[in-house]
Amino acid sequence: MPVIILGGGGDYEINLAGGWDADDKGPSIWDTFCHEGGRLVLEGQSGDVTCNSYELWEEDLRCIRQLGLTHYRLSLSWSRLLPEGTTRHVNQKGLRYYNKVINDLLASDVLPMVTLYHFDLPQALQDQGGWKSPEMAAIFDSYARFCFETFGDRVKLWITLNEPYVCAKLGHEDGIFAPGVKEPGIAAYLVGHNMLRGHARAWHSYNVLYRAKQGGSVSLAINSDWAEPLDPASPDDTAATERYLAFTLGWFAWPLFVTGDYPEVMRSSIEVRSKELGYQEGSRLPRFSKDEPSLLGTADFFALNYYTSRRVKPGEGCPGVLGLKSDQDAEGVVDPSWPVCGVSWLAVVPDGLRKLLMYVKDTFNNPAIYITENGFSQMGPVDMEDVQRCGFYHDIIQEVARALREDGVDVRGYFAWSLLDNFEWADGFSVRFGLFHVDFSRPERPRTPYRSGREYAGIISKYRSQTRANN
Ligand code: BGC
């Protein structure tokens with residue numbers, strides 16, 4: 001039986017980890033969004049304290065050890081390290097904090113996978129234009145180099161950016177995530193473009209300056225649904241599915257793994273829609289300049305965040321409206337047989353992951369794949385005996401094992417999302433993804449394993465003994 005490594009998703013600084021202004025930390029766009037964003041976060045909740053991992057790291061470590069994780073994915077807060085976003089001012093206490101976290105993990109035999117950017121741009125950089133500004137690529141590169149230089153002797157798995165799709169679309173098209181920009185059909189493409197440019201620069205920096213002495217790997221975490229035609233016999237549904245995948249997975253994976261540019265169908269759909277709408281200010285999907293570091297080949301592995309699946313048909317159109325939705329012209333629907341768990345977008349489809357893994361294998365030249373996020377949420381009354389989530393983890397890990405064993409997909413690892421209940425972005429605390437329950441009503445934020453946490457620990461221990469037996 002092949003063995004994959006099993007990790008857990010960190011809540012650590014991901015989804016904000018408390019201490020929002022502690023010890024010289026600068027504000028991030030999520031701090032601003034919560035405090036001033038027109039109350040777009042559920043019930044005006046904020047990420048100021050959340051699970052308070054800033055003060056309770058040792059508690060998190062205890063949970064990590066209790067699960068027996070082999071790997072732990074955590075994100076750095078840029079503005080905790082560099083309060084204004086640049087290395088002119090380094091927050092020494094922030095630095096000490098992350099050094100301790102990384103050292104504690106290693107001392108516990110847990111390998112860290114570190115994400116440099118998870119939605120929370122320093123506000124100071126947003127004030128200079130944020131990701132819409134072309135300057136951001138160089139600024140991100142300089143932050144990335146600082147992190148490689150500082151932590152790279154110990155960190156061997158790096159993610160530059162988490163889910164650029166979400167930053168671009170939810171943050172700059174829909175305006176429902178920080179920084180709350182609503183410029184449909186324009187800003188998201190620009191933001192995605194600058195994020196890709198920033199990623200490419202950071203990867204090249206690592207490659208030239210650090211790879212030989214540090215020996216790590218660097219990638220970008222791409223989120224995607226699995227998508228298949230609503231009616232498999234319909235050419236229109238099939239074409240719509242191709243567009244659906246091109247505008248999510250392909251947008252960020254095609255440049256890195258296939259051509260160095262966006263998928264052709266994405267470019268042509270945008271051009272066609274621009275013409276129809278009489279948009280004349282040049283292409284809305286920017287072009288990569290030949291004078292810049294190339295994107296092709298700038299991922300040492302495929303980092304995939306998978307949550308759900310959709311059946312797809314042509315969009316019902318937003319005639320006359322500029323926007324990503326009308327460019328994509330594809331609509332995903334939930335199959336009535338799929339249970340929806342907790343949050344409304346999360347239809348539970350474990351075998352969608354297996355199909356997506358096959359698609360990634362075939363489309364992106366059989367890369368090594370880490371599933372960097374996957375999980376199941378609860379909403380409503382807390383259920384500590386969360387049998388559905390237990391079933392979900394058993395099923396999904398089976399699907400991963402099948403992809404590995406029967407389909408020959410090169411899966412290297414699986415990270416359950418998430419270690420703790422936390423601040424679930426615009427949904428505040430109403431949605432709980434944790435393997436550990438966190439009582440947000442108490443100052444000590446006690447962490448208690450759900451039944452799914454205990455069972456996940458059991459799965460890990462089983463895989464660990466298989467590894468030992470195989471060796
Ligand atoms: C994000 C996580 C989040 C998860 C569930 C992903 O988009 O990276 O921070 O908790 O989705 O919504």
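Along the sequence shown, residues are numbered consecutively beginning with 1. If you're wondering where the values come from, they're calculated on a predicted model, not measured in any experiment.
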Would you give the length of the straight line joining atom CG of L157 to atom OG of S219, rounded to the nearest 0.5 angstrom? 10.0 Å

Atom pair OG (S28) and CG (L125), whose distance is rounded to the nearest 0.5 Å: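 The OG atom of S28 sits 11.0 Å away from the CG atom of L125.
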
So for atom CZ, which belongs to R65, do other residues, nucleotides or ligands contribute more than 12 heavy atoms lying within a distance under 6.0 Å? no

Fit a plane to each ring of [X] and [Y], take the angle between them on a 0 to 90° scale, and name the class: parallel (under 30°), tilted (30 to 60°) or perpendicular (over 60°).
{"X": "F302", "Y": "F364", "result": "tilted"}
{"X": "F440", "Y": "F429", "result": "tilted"}
{"X": "W425", "Y": "W30", "result": "tilted"}
{"X": "Y72", "Y": "W57", "result": "tilted"}
{"X": "F376", "Y": "F392", "result": "tilted"}
{"X": "H437", "Y": "Y450", "result": "perpendicular"}

SB check [X] [Y] (cutoff 4.0 Å):
{"X": "D407", "Y": "K361", "answer": "no"}
{"X": "D329", "Y": "R243", "answer": "yes"}
{"X": "K25", "Y": "D31", "answer": "yes"}
{"X": "E173", "Y": "K325", "answer": "no"}
{"X": "D231", "Y": "R311", "answer": "no"}
{"X": "E455", "Y": "R389", "answer": "no"}
{"X": "R447", "Y": "D60", "answer": "yes"}
{"X": "E385", "Y": "R451", "answer": "yes"}

Indicate whether any N or O donor in one side chain lies under 3.5 Å from an N or O acceptor in the other, for [X] and [Y].
{"X": "R454", "Y": "S452", "value": "no"}
{"X": "Y244", "Y": "D225", "value": "yes"}
{"X": "T115", "Y": "N162", "value": "no"}

Between W78 and Y143 (judged by ring centroids, cut-off 6.0 Å), do the two rings come close enough to count as a pair?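 Between W78 and Y143, the centre distance is under 6.0 Å.
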
Ring center gap for Y165 and F252 short of 6.0 angstrom: no

Side-chain donor/acceptor pairs under 3.5 Å, residues 177-194, sequence neighbours excluded:
unit_1 : atom_1 : unit_2 : atom_2 : d
E183   : OE1    : K132   : NZ     : 2.8
E183   : OE2    : K132   : NZ     : 3.1
Y189   : OH     : D327   : OD2    : 2.6
H193   : ND1    : Y262   : OH     : 2.7
H193   : NE2    : R287   : O      : 3.4
N194   : OD1    : R197   : NH1    : 2.8
N194   : ND2    : W131   : O      : 2.8
N194   : ND2    : K132   : O      : 3.3
N194   : ND2    : S133   : O      : 3.4
N194   : ND2    : L190   : O      : 3.4

